[in-house]
Amino acid sequence: MRRMGFKTSARQEMAKIGVPHVPGSSANLSLAAARSEAARVGYPVMLKAAAGGGGKGMRRVDSEAELESAYRVARSEAARAFNNDEVYLEKLIVNPRHIEIQLLADDHGHVVYLGERECSLQRRHQKVMEESPSPFIDGPLRQRMGEMAVAAARATGYVNAGTIEFLVDASRNPYFLEMNTRLQVEHPVTELVTDLDLVQLQIRVAAGEVLPFNQEDIELRGHAMECRIYAEDPQNNYYPSPGVITSLRNPGGPGIREDSGIYEGWRVPVEYDPLLSKLIAYGENREAAMARLRRALDEYIVGGIKTNLALFGQILRNEEFIAGRMHTGLLDEIIAGGIQPPATGPQEELAAVAAAILYHRQGGNAGTNGARVTAVSASFASAPAEMQSELSPWKAAARQEGLR
């Protein structure tokens with residue numbers, strides 16, 4: 001963990017065993033050295049905090065005129081976030097894929113990789129949505145990257161769960177980015193496609209047990225996607241939205257998993273990361289996973305605070321995302337015009353379904369029944385969000401028929 005948890009030393013370790021990494025420096029830089037290194041690799045470049053993570057202490061630099069200001073800001077932010085102001089510099093790969101390989105290693109010399117995760121949808125270098133497997137990675141590239149990740153773990157004597165992160169360019173060339181020497185937020189998508197409990201396996205490895213499987217036993221089945229649900233306001237520059245959760249309706253159904261600790265009446269604090277929950281969908285293929293995720297997002301209601309739920313609806317309607325053509329700049333392109341709500345809100349759609357069922361149960365009479373259908377739809381669609389979590393379209397239809 002000491003050797004791989006610090007980005008500059010990790011780059012040095014990878015250079016020793018021949019794992020390709022993004023061109024740039026592998027040591028803390030002075031401003032003069034940063035100028036020299038940027039001139040050597042060519043602009044644009046990226047300044048990064050050596051002890052960093054989560055997009056903090058990172059600055060893109062497109063020209064020498066921008067370098068000094070970006071350097072000072074990156075060091076200042078790194079010092080505040082990590083109590084360490086060291087920075088290094090990399091050549092910027094424009095619009096790459098961000099792909100990571102999940103590892104498990106025990107104390108008995110066994111190391112396996114559990115496929116990859118696509119982490120290219122990011123805002124300010126912070127992951128927002130992940131999936132496994134990546135629609136970009138084929139079998140040979142998966143094996144190549146997996147073997148590189150295993151070599152990295154073996155060379156450093158790493159034990160337990162960890163992740164090797166790569167940037168992959170348009171020509172499918174992977175470059176080592178960093179290692180996360182821990183379990184990550186997005187681990188549920190790997191659990192779903194491998195049918196393995198990574199948390200349990202961590203504990204068993206820490207207790208000295210041998211991994212109960214070999215590499216050839218690992219099989220990826222189906223597809224999983226995860227949304228990071230944040231307490232923030234996308235309509236107001238993603239400003240944090242602390243406060244009391246006044247109502248909550250959790251999604252459910254086949255293939256849906258929600259990892260969460262929130263509940264009605266809980267106060268979202270201002271002191272911590274705004275992550276509320278992780279919403280994960282699993283299906284037999286990518287299209288099925290997307291369909292289930294759309295439905296789950298439509299069901300999810302968090303009242304009293306702002307969330308980024310609408311952002312995921314917009315992502316799942318984007319043609320580039322649907323086609324699997326992601327890169328680290330795609331989310332910025334999607335949200336450039338602002339977050340747009342669906343043309344027809346999910347509650348109105350549900351109300352329309354309930355109304356249609358009532359219409360046909362009543363014999364399809366467009367007269368009196370037509371008015372009742374309208375009343376059913378209106379009674380639900382016009383209700384406040386806090387009430388909709390209790391009053392479903394199905395209940396609204398039943399009440400119109402005098403049922404309870």
Side-chain angles (χ1 to χ4, degrees), residues 54 97-104 113-123 126-137 161 163 165 180 182-202 218-232 234 245 248-263 273-302 307-318 321-322 324 326 330-331 334 346:
R97 295 268 185 158
H98 187 141
I99 308 291
E100 60 190 27
I101 303 292
Q102 177 69 58
L103 291 171
L104 276 174
Y113 65 91
L114 308 180
E116 80 284 355
R117 293 188 288 260
E118 171 79 61
C119 304
S120 298
L121 281 180
Q122 304 176 8
R123 190 182 71 83
Q126 176 69 46
K127 299 167 189 174
V128 172
M129 190 172 181
E130 299 94 352
E131 61 182 288
S132 182
S134 166
F136 179 72
I137 303 297
T163 304
E165 304 203 4
N180 280 285
R182 53 179 171 80
L183 203 62
Q184 291 182 269
V185 172
E186 57 271 27
H187 80 272
V189 296
T190 297
E191 291 190 328
L192 288 171
V193 298
T194 61
D195 197 28
L196 295 172
D197 186 333
L198 298 187
V199 176
Q200 182 194 87
L201 287 166
Q202 271 198 137
I218 305 301
E219 181 182 356
L220 304 183
R221 290 168 292 191
H223 201 98
M225 292 181 167
E226 175 181 302
C227 298
R228 300 189 184 195
I229 310 302
Y230 289 115
E232 61 185 13
I245 296 177
L248 179 65
R249 185 172 72 187
N250 303 95
I256 297 302
R257 166 176 166 177
E258 185 200 14
D259 289 6
S260 169
I262 65 175
Y263 51 87
D273 185 284
L275 184 67
L276 294 175
S277 66
K278 300 183 291 186
L279 179 62
I280 310 103
Y282 174 82
E284 63 182 3
N285 52 43
R286 190 168 187 264
E287 291 71 25
M290 281 193 289
R292 285 176 166 175
L293 188 56
R294 290 188 186 100
R295 173 184 57 76
L297 287 165
D298 286 350
E299 293 176 3
Y300 210 162
I301 292 177
V302 183
T307 72
N308 62 341
L309 284 167
L311 171 63
F312 295 108
Q314 191 154 335
I315 291 171
L316 289 165
R317 296 193 302 273
N318 180 266
F321 176 82
I322 292 171
M326 283 93 76
L330 177 61
L331 185 54
I334 292 174

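Along the sequence shown, residues carry numbers from 1.
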**Prompt:** Can you tell me how far CG of Leu297 sits from CD1 of Ile301, rounded to the nearest 0.5 angstrom?
**Reply:** 12.0 Å
**Message:** Just verifying a value: how many Å separate Leu104 CG and Leu114 CG, rounded to the nearest 0.5 Å?
**Reply:** 5.0 Å
**Item:** Pairwise distance CZ(Phe312) to CE(Met225) - rounded to 0.5 angstrom
**Value:** 12.0 Å
**Request:** Flag the pair Phe321 / Leu121 as yes when at least one side-chain heavy-atom distance between them is below 4.5 Å, and no otherwise.
**Result:** yes
**Request:** Answer whether the closest heavy-atom distance between the side chains of Ile229 and Ile262 falls below 4.5 Å.
**Result:** no
**Request:** Please name the pair of heavy atoms, one in Leu183 and one in Ala161, separated by the smallest distance, quoted to 0.1 Å.
**Result:** CD1-CB, 3.9 Å
**Request:** Using side chain to side chain contact (heavy atoms under 4.5 Å, CB included) as the criterion, list what pairs up with Pro188, not counting sequence neighbours.
**Result:** Glu226, Arg257, Asp259, Lys278, Ile280
**Request:** Indicate yes or no: at least one non-hydrogen side-chain atom of His187 is less than 4.5 angstrom from one of Val199.
**Result:** yes
**Message:** Are the side chains of Tyr113 and Ile218 in contact, using a 4.5 Å heavy-atom criterion?
**Reply:** no
**Message:** Checking Glu165 now: which residues fulfil side-chain hydrogen bond (donor to acceptor under 3.5 Å, both in side chains) with it, not counting sequence neighbours?
**Reply:** His98, Lys127, Asn180, Gln184
**Distance (rounded to the nearest 0.5 Å) between Leu275 CG and Glu232 CD** = 9.5 Å
**Prompt:** Can you name the side chain to side chain contact (heavy atoms under 4.5 Å, CB included) partners of Glu219, sequence neighbours left out?
**Reply:** Arg221
**Fill in**
What one should report as the nearest heavy-atom pair of Gly252 and Arg295 is O-NH1, 2.7 Å
**Prompt:** Is it true that a side-chain atom of Arg182 and a backbone atom of Thr163 form a donor plus acceptor pair closer than 3.5 Å?
**Reply:** no
**Request:** Look at the side chain of Arg97 and the backbone N and O of Ser120, then say whether any donor-acceptor pair between them is shorter than 3.5 Å.
**Result:** no
**Complete:** Nearest heavy-atom approach of Ala289 to Ala281 is O-CB, 3.6 Å
**Asked** Are Glu100 and Glu130 side-chain neighbours, meaning at least one heavy-atom pair lies under 4.5 Å?
**Response** no
**Asked** Does the side-chain hydrogen bond (donor to acceptor under 3.5 Å, both in side chains) test come out yes or no for Tyr300 and Ser277, once each step is laid out?
**Response** CA-CA 11 Å; Tyr300 210 162; Ser277 66; 2.7 Å; yes
**Ser132 (side chain) donor-acceptor with Glu116 (main chain) under 3.5 angstrom** = yes
**Request:** Could you tell me which non-hydrogen atom of Val193 sits nearest to which non-hydrogen atom of Pro133, and how far apart they are?
**Result:** CG1-CD, 4.5 Å
**Prompt:** For Pro251 and Ala296, which heavy atoms make the closest approach, and how far apart are they?
**Reply:** CB-O, 3.3 Å
**Request:** Only counting residues at least two apart or in another chain, list the ones meeting side chain to side chain contact (heavy atoms under 4.5 Å, CB included) with Ala291.
**Result:** none
**Item:** Distance-minimising heavy-atom pair for Leu248 and Tyr263
**Value:** CD2-CA, 3.8 Å
**Message:** I need the full list of salt bridge (Lys or Arg N to Asp or Glu O under 4.0 Å) pairs touching residues 279-288, with sequence neighbours left out, sorted by first then second residue.
**Reply:** Glu131-Arg286
**Item:** Criterion side-chain contact (heavy atoms from CB on, under 4.5 Å) on Asp197 and Glu191, from CA distance to verdict
**Value:** CA-CA 6 Å; Asp197 186 333; Glu191 291 190 328; 3.7 Å; yes
**Item:** Exam field: side chain Asn308 to backbone Arg228, donor-acceptor pair closer than 3.5 Å
**Value:** yes
**Message:** Would you say that Ile256 contacts Leu279 through its side chain, given a criterion of any heavy-atom pair below 4.5 Å between the two side chains?
**Reply:** yes
**Item:** Contacts of type side chain to side chain contact (heavy atoms under 4.5 Å, CB included), residue Arg294, not counting sequence neighbours
**Value:** Met290, Leu316, Ile322
**Prompt:** Quick one: does Met129's side chain get under 4.5 Å of Leu293's, heavy atoms only?
**Reply:** yes
**Asked** So do Met326 and Ser134 actually touch side chain to side chain, heavy atoms under 4.5 Å?
**Response** no
**Distance, nearest 0.5 Å, that separates CG of Leu309 from CD of Glu299** = 12.0 Å
**Item:** Point-to-point distance, once rounded to the nearest 0.5 Å, from CZ of Arg123 to CG of Leu311
**Value:** 8.5 Å
